[in-house]
Amino acid sequence: MKNTNFIQRSIIGALSFLRDSIFSQEQAMRPGFLQSLDPRIKLITFLVFIVQVLFARSLWELSFFYSLCLILAVFSKIKLGFFLLRTWIFIPLFSLFIAVPAILSFFSPGEVLFSRNILGLEFMVTRQGVDSALFFVLRVASSVSFAVLLSITTRHFELLRVLRVFKIPQIFVMTLGTSYRYVYLFVEMTRNTYLAIKSRVGILAHYKSGQNIVAWNIACLWSRSVHLNEEVYKAMLSRGYQGEALAWVDFKIRTRDFFWLLGVVLLGMTNLVIRS
Amino acid sequence: MDNMIFELKNVYFSYLGKFPALNGIDIKIQKGQKISIVGANGSGKSSFLQILDGLIFADSGSVNFYGRELNEKNFNDDKFCRSFRQKVGFVFQNPDVQLFCPTVQEDIVFGPLHLGVEKKLIERRLERLVSILGLQGLLDRIPHQLSIGEKRKVAIASTLIIEPEILILDEPTAGLDPLTTRHIIDLLIDTGASGKTIITATHDLHIVEEISDIVYVFGCEKKIASFGKASCILNDMELLKANNLLHIHSHRHKDTVHVHSHRPSGQGGASSIGLDTHIDHH
Ligand SMILES: Nc1ncnc2c1ncn2[C@@H]1O[C@H](COP(=O)(O)OP(=O)(O)OP(=O)(O)O)[C@@H](O)[C@H]1O
Ligand SMILES: [Mg+2]
């Protein structure tokens, strides 16, 4: 009993969290620094940051960019806790598989920090191994953080429009927008269905029938979200949508954008000078 | 002939070729008419309205709009499509479907923006609608976090802002409190008074007489069972009962059992042996 309740609460909680963190536009509507930049400039400068992170050669360089990212988040009125939680949820997925084996000595031979004997196999952790794992994790963390920061401080419609500005074909942008909506609806309906089942049968009934419900769910949910999505598309057509999304507020480059761009370019050049 | 807006001849429609939704609809809708469509759940009202709005297309039969056939080919013509969308506005039954923008304001201006209306003009219309519908505090909110009634008001605003000649509404008052229902009906009456054509599907027989002169009753066979002046149809108890639009129930007042037949308007009702007809104000 306690157990099922706990599982249910975590499922619903996880879905709400997923919805709020991936799809919430609230962060993008706060009056912060990044939110006020022109989305085109923002996209370019963030790409510049990510490229520098990907080509970084020292831990110092990476730490600098990671701190920069966190500072930008703070200036954009993003709650640091929310931001860290959100980025670090993705990071282990990316890094663990690659970083963990690298710590161990068969992959990175070098100075032994400590060793353990597990099941007759000797695992040694080496300094070089730790360094390269740290380096790797920090690199993933910084680039994921920049990508996440860009996406939460820019509204979904604007992001799609920017892609159009950069001449990404309409069909691609439309597909991207549509898939985004599909996933959103899917998450939302999974959540609602769980709530509905809970209200109808109290708790998720028996373990066995609970499983049946889950199986039914997934097949049924998908077709429901497809259906809803078609309806939404009809609603867009009905109000004159002809394939090209327009935004109410036009993009405008202001002095603030200009100085930001200048700052980023200078920083990139300094970085190049230091490295050579 | 110029006044003929929609002309449907023997229209059949089914979903995925196996779930029939319309079985032979013939209807003529003229400019300035106020029409109500009533019928039980699943009688095809929404499907019919979507055919009128060119969102789905008849399997057989013909649908004409000002003498031009509504089919996929004609909608591929951008010019026709745009002028049609400008002329015909549609409020969906499910407001969750109709609202898809990140903020209420963007949702409301979506239509005119995509139809190429000048921004200044859109702003003026927006201001007017916001004050009529009392949406002041909602403009920066996220549409899917509103209450059902608020969503419906936003959905209606997002259609009215297009200023269409022909307004199609699918259950505009479902889920609204009495005062908001009143506001919306008044808004529809005003809109109607300015010569617009209004087509409304509804279950709410109380509003039918106010917002329409002609009523079409969709039957369970998914075609038109009857039509006529609002006052005639609303008094035809047999017809209404046969189409699930009326229900009789009994309950106890003190010590007499009353049998109420829920019906839309109060004129004339048998009140012999404790059997009387009540107006039912929900
Ligand atoms: N997307 C769909 N797929 C399959 N069948 C559908 C679909 N939408 C509607 N139908 C079927 O078509 C018929 C007419 O549905 P429609 O939605 O037009 O009825 P309605 O009169 O608007 O009902 P309500 O009063 O409940 O809104 C129903 O029998 C319904 O089951
Ligand atoms: Mg309907």
Side-chain angles (χ1 to χ4, degrees), chain A residues 16 19-20 22-31 35 39 151-161 164 170 174 177-178 180-182 184-185 187-189 191-192 223-250 252, chain B residues 15-16 46 49-50 52-56 75-79 81-103 105-117 119 122-123 126 139-145 155 158-159 161-162 164 168 170:
Chain A
S16 302
R19 182 196 61 185
D20 292 344
I22 302 187
F23 299 102
S24 161
Q25 306 264 302
E26 259 152 301
Q27 314 279 336
M29 289 194 278
R30 290 193 189 161
Q35 290 90 334
S151 77
I152 59 176
T153 56
T154 315
R155 304 210 282 178
H156 162 218
F157 260 47
E158 284 177 350
L159 215 51
L160 292 183
R161 266 206 65 210
R164 282 294 289 146
Q170 182 178 323
M174 252 175 89
T178 318
Y180 176 90
R181 273 214 319 275
Y182 269 120
Y184 177 80
L185 284 169
V187 170
E188 188 60 10
M189 281 198 305
R191 202 178 77 95
N192 287 340
S223 89
R224 262 164 66 193
S225 59
V226 167
H227 170 72
L228 246 177
N229 203 52
E230 274 167 13
E231 293 289 300
V232 170
Y233 187 60
K234 276 189 201 162
M236 296 174 75
L237 286 182
S238 172
R239 283 195 274 153
Y241 179 74
Q242 288 179 324
E244 188 83 49
L246 302 173
W248 177 238
V249 188
D250 258 338
K252 220 190 284 158
Chain B
Y15 288 94
L16 310 170
S46 300
L49 297 184
Q50 293 199 9
L52 293 186
D53 198 35
L55 297 174
I56 53 181
F75 274 97
N76 283 335
D77 170 1
D78 284 351
K79 220 172 117 219
C81 183
R82 184 170 277 216
S83 90
F84 181 87
R85 298 292 172 213
Q86 178 71 65
K87 286 195 184 100
V88 185
F90 187 65
V91 178
F92 281 71
Q93 181 166 7
N94 176 358
D96 275 326
V97 158
Q98 190 161 355
L99 306 176
F100 43 77
C101 295
T103 64
Q105 165 154 357
E106 280 166 277
D107 238 317
I108 298 178
V109 301
F110 185 93
L113 190 65
H114 284 80
L115 289 165
V117 178
K119 269 201 172 158
I122 301 180
E123 264 160 22
L126 177 69
L139 287 183
D140 291 322
R141 296 274 301 273
I142 300 164
H144 75 254
Q145 293 176 350
S158 72
T159 304
I161 198 171
I162 300 172
I168 303 176
D170 201 347

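Chain letters run A, B, ... following the sequence lines, proteins first, then strands; residues in each count from 1. In this text the structure is predicted, and so the values were computed from the model without any measurement. All heavy atoms count here, side chains included; hydrogens, waters and symmetry mates do not.
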Heavy-atom check, side chain of [X] versus side chain of [Y], under 4.5 Å:
X	Y	value
A:Arg239	B:His114	no
B:Arg85	A:Tyr241	no
B:Phe92	A:Lys234	yes
A:Glu231	B:Gln93	no

What part of [X] is in contact with chain A, defined as an atom under 4.5 angstrom from a non-hydrogen atom: side chain, backbone, both or neither?
X	answer
B:Ile162	side chain
B:Gln86	neither
B:Gln98	both
B:Asn76	neither

Under a 4.5 Å heavy-atom cutoff, which of [options] has the most pairs with chain A?
options	value
B:Arg82, B:Glu106, B:Lys119	B:Lys119
B:Leu113, B:Asn94, B:Asp78	B:Leu113
B:Leu115, B:Val109, B:Leu99, B:Asp53	B:Val109

Open item on the list: Check this for me: B:Asp140, atom CG, are more than 12 non-hydrogen atoms of other residues, nucleotides or ligands nearer than 6.0 Å?
Closed with: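 No, not enclosed.
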
Task: Nearest atoms (heavy-atom pairs only) where B:Val97 meets A:Ala235 - done: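 Taking every non-hydrogen atom into account, O-CB, 3.6 Å.
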
